[in-house]
Each structure stands twice: as structure tokens, then as C-alpha cells.
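Notes for the one structure printed next.
In this chain, residues are counted from 1 in sequence order. In each ligand, atom 1 is the first atom listed, and ligand 1 is the first ligand listed.
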Amino acid sequence: MQIVSAASEIVRPKSPSTVGARDDRAPPGESPADRAPNWRHVLKSAIRDAATLCRRLELPPNFVAPAERAAAAFPLFVPEPYLARIRPGDPADPLLRQVLPLDAELADAPGYTADPVADSAARVSEGVLQKYAGRALLITTGACAIHCRYCFRRHYPYSESPSGLDAWIPALNALAADPSLDEVILSGGDPLTLSDGFLAELIRRIAAIGHIRRIRVHTRLPIVIPQRVTAELIAALRGTRLAPIVVVHANHPREIDTLVARAFAQLVDAGIPLLNQAVLLRGVNDDADTLAALSQTLVNHRAMPYYLHQLDPVQGAAHFAVPAEVGLSLIEDLRVRLPGYAVPRYVREVPGQPSKMPIELSAPSNAIL
Ligand SMILES: *Cc1c(COP(=O)(O)O)cnc(C)c1O
Ligand code: SF4
């Protein structure tokens, strides 16, 4: 994800060329056709300007100027494989809405802040956040493969996170000093913008900490650029004593096309549990048919729905908000339409709480509807 410093200077996205060129060759045993074009090239050739996006998607020219204004605060970034799933000529397309900057982002909304989930208070070491028992989350990078307009970390000060393996030594020491931890979550940004070599070495160093048992990766890359699921990535996740878990992020069933389904299959066939988290977003997935189709598409391709997140009140995203009463009735609808395992847990993050909070009928958390 691309982030803006307190001084509003654009410090990201990192140029993809800064994250290592080692993956440019095809790994042995994989046919070039499986990887063409290479994910790094796809990342580099992503669309970054509103005029090109509007032209490619046959949108009216009056979308360009507002998109440029809003992109000044959080840049536009859409790679080709994701663009290919957007319906041309439809400004309301649910995939387009996730990536097209709008004037609405510039409007102030009461209660919508730069750090809605109190990440800054959860920092236990540079690049390490801990909010919940047993698991620590590493902000491995600020770079993302797509810029989601509703992103809760769109204002995160990524430049304060370590970059380069040696810069991670203090963070790893902090993990080693806390025997209550048994899981490390690689997050960001998107950790899969880092090279397979870097990830393998980071995982190796984490595995050297005896009390850590699981490594979890939070990533949107298998959705956005499915070619990112390489044999080397799978080797990095399986070639460790740590139990791996991959959590992807898709919000709409049309984000999962044939190539994405194949990337899921590669992960699951390798024995890696695959979960999905989605965000409930107005105009994207705030209807029962879409949410049911999302869950069905996920489980048909062996990814389990994990969380449906209530939108975090991040500055610039208020136009995506769906009231919790609406979300609750959507979940009730899913419960009667789907097997129990296909109904995601509907949660919100409340700063200071010891877990993501379930949003339930007659639960105390309803007090904060
Ligand atoms: C959301 C989050 C987690 C993961 O929570 P789970 O309920 O285990 O998925 C871990 N650490 C931080 C800081 C988080 O924000
Ligand atoms: S939601 Fe995830 S993939 Fe999207 S910009 Fe934020 S961190 Fe990146």
C-alpha cells in the first residue's frame, strides 16, 4: 500500500525494482507459460494514472480530474490482471469502486481518522504490532500490489518500519524475548511484494525462535496478481518447521477468476490452509447475493471465509460505510443460504479490545452500532 508521511510527502509505493530482481527467472520445473508474464513485470506495468485508467475502462472523461485530486493523497495503483476483471463502461462496477479515487475521499467525515485502529499504540518494536495474545504482526513493507481506496492503513507511517533483513534484527529480538508468542503474522502493506528469497530468509530467522509455531501471511497478491504464487513462494512456506497459514483478501466474487482459482489450488495442494478476509463495502458487496456468491466461490476453490470486517473509520473512506444493522441482516441471510462453514465471522476492530469484536444480535458490541 502506498502511504503518505505525516508531512504528506509521498514515500511509497516502493519502486518494485527496489525489492530484488532474483525472481525474474522461472524456477526449475515450472513452465514459462505458467509464469508469463512474470509477477514483477506485472507489478511494474500497473496503471498509476487516472487518465489511463479511465481511457482503458471507457469511463466518461469527467472522472479523471476528481480521481487525480484524490490520488494526490493516496496514489492510484491497479495492475493489469485486476483491471481485466473490471467491466468497461460501468462507473458502478464493484471492482472499479475499490480502486477508483473519488472526490468523496477528500470530504471530512466526523469520527474518520488517520489511525482508526490505534496501530500506533500497539507498536512493541519497530515494525511489530501486538494487540492480541500469542500473535505479533510484522509490518514487513509499505508496498502493495493494488491500492484499495478503503484501506485502513492508508495513512500508516510505513517509513518507520525496518527495510532490509538486518534492520529486522531488533524486531526479531523482541519476538524472541516474548515466550508468550506462538504466531507471527507477515503483514504490511503486502508482504508478497517482497522477493521469495527475502521471505524465505525472514521466515528462517523467525523459525529460529523456538516458541514461534506458526507463520501467517496476510496478502492480497494471489487475488490481484495470481502469478505471484510461485513454486519458490510455496517452498518458502513449506520449507520451515512453522505451520503456514495464508489469508487472502477478496471482497467480490468477480475478483476470483480462473487464474486466481489456480493460485488457490497451488497453495491448498501444497497443504497450506487458505482463508479469506473481506471488508463490507457500500456499492461493492453490501447485498446478500454478492456476499453469498463470494463465499460460494471461495469454498468451491477451497478457500475458507474467515472474517467479514466492518469498515474501519479511516479518513477518506466514509463513502464505503455500511451500517452494522445492515451488515447483521446480511449475515442472517447468509446463514440461511449457506453451510455454516461458508458464513464469515462479522467483526469490527475496537481499539483496546483483546480480539476483533464479533458484531452480533443482542451482543454488548451492539452498543457501538
Ligand atoms: C487483526 C490483527 C491480528 C489478527 O487477528 P486474528 O483474530 O488472529 O485474525 C493480529 N494482530 C493485529 C495487530 C491485528 O490487527
Ligand atoms: S487493503 Fe491491503 S492490499 Fe489494499 S491497500 Fe490496504 S494493505 Fe494494501
Of the side chain and backbone of [X], name the one, both, or neither that has a heavy atom under 4.0 Å from an atom of ligand 1.
X: Gln277; value: neither
X: Gln130; value: neither
X: Ile185; value: side chain

Passing candidate, side chain to side chain donor-acceptor pair (under 3.5 Å) with Tyr346, options Glu360, Lys356, Gln310
Gln310

Side-chain ion pair, Glu105 and Arg69, N-O less than 4.0 Å
no

Does Arg337 pair with Asp289 as a salt bridge, N-O distance under 4.0 Å?
yes

Start with the C-alpha distance between Thr219 and Arg228, add both sets of side-chain angles, then the distance that settles side chain to side chain donor-acceptor pair (under 3.5 Å), and finish with yes or no.
CA-CA 11 Å; Thr219 177; Arg228 177 65 189 90; over 6 Å; no

Measuring from the heavy atoms of Glu183, does anything fall under 4.0 Å of ligand 1?
no

What distance do Leu165 atom CG and Phe198 atom CZ have between them, rounded to the nearest 0.5 Å?
4.5 Å

Rounded to the nearest 0.5 Å, what separation is found between the CZ atom of Arg135 and the CD1 atom of Ile212?
12.5 Å

Name the closest protein heavy atom to [atom], giving the residue it belongs to and the distance to 0.1 Å.
atom: atom 12 (C) of ligand 1; result: Leu137 CD1, 3.6 Å
atom: atom 6 (P) of ligand 1; result: Tyr306 OH, 3.4 Å
atom: atom 15 (O) of ligand 1; result: Lys356 NZ, 3.0 Å

Evaluate the ring planes of His147 and Phe74, with Trp represented by its six-membered ring, and classify them as parallel (under 30°), tilted (30 to 60°) or perpendicular (over 60°).
parallel

Should the ring pair Tyr158 and Tyr156 be called parallel, tilted or perpendicular, given that the plane angle runs from 0 to 90° and is split at 30 and 60?
tilted

Does ligand 2 have any atom sitting under 4.0 Å from a heavy atom of Ile146?
yes

Between Arg216 and ligand 1, does any nitrogen or oxygen pair lie at a separation below 3.5 Å?
yes

For ligand 1 and Tyr307, I'd like to know whether there is a polar contact (N/O to N/O, distance under 3.5 Å).
yes

In ligand 2, which numbered atoms sit nearer than 4.0 Å to a non-hydrogen atom of Cys144?
3 (S), 5 (S), 7 (S), 8 (Fe)

For Cys148, the ligand 2 atoms with a heavy-atom partner under 4.0 Å come out as 1 (S), 3 (S), 4 (Fe), 5 (S)

Atom 1 (S) of ligand 2: which of Arg149, His249, Arg154, Arg220 has the nearest heavy atom?
His249

Can you tell me if, anywhere in Cys151, an N/O/S atom lies at a distance from atom 6 (Fe) of ligand 2 that is smaller than 2.8 Å?
yes

Taking all non-hydrogen atoms of both residues into account, name the closest pair between Pro244 and Ile272 and its distance.
CG-CG1, 4.1 Å

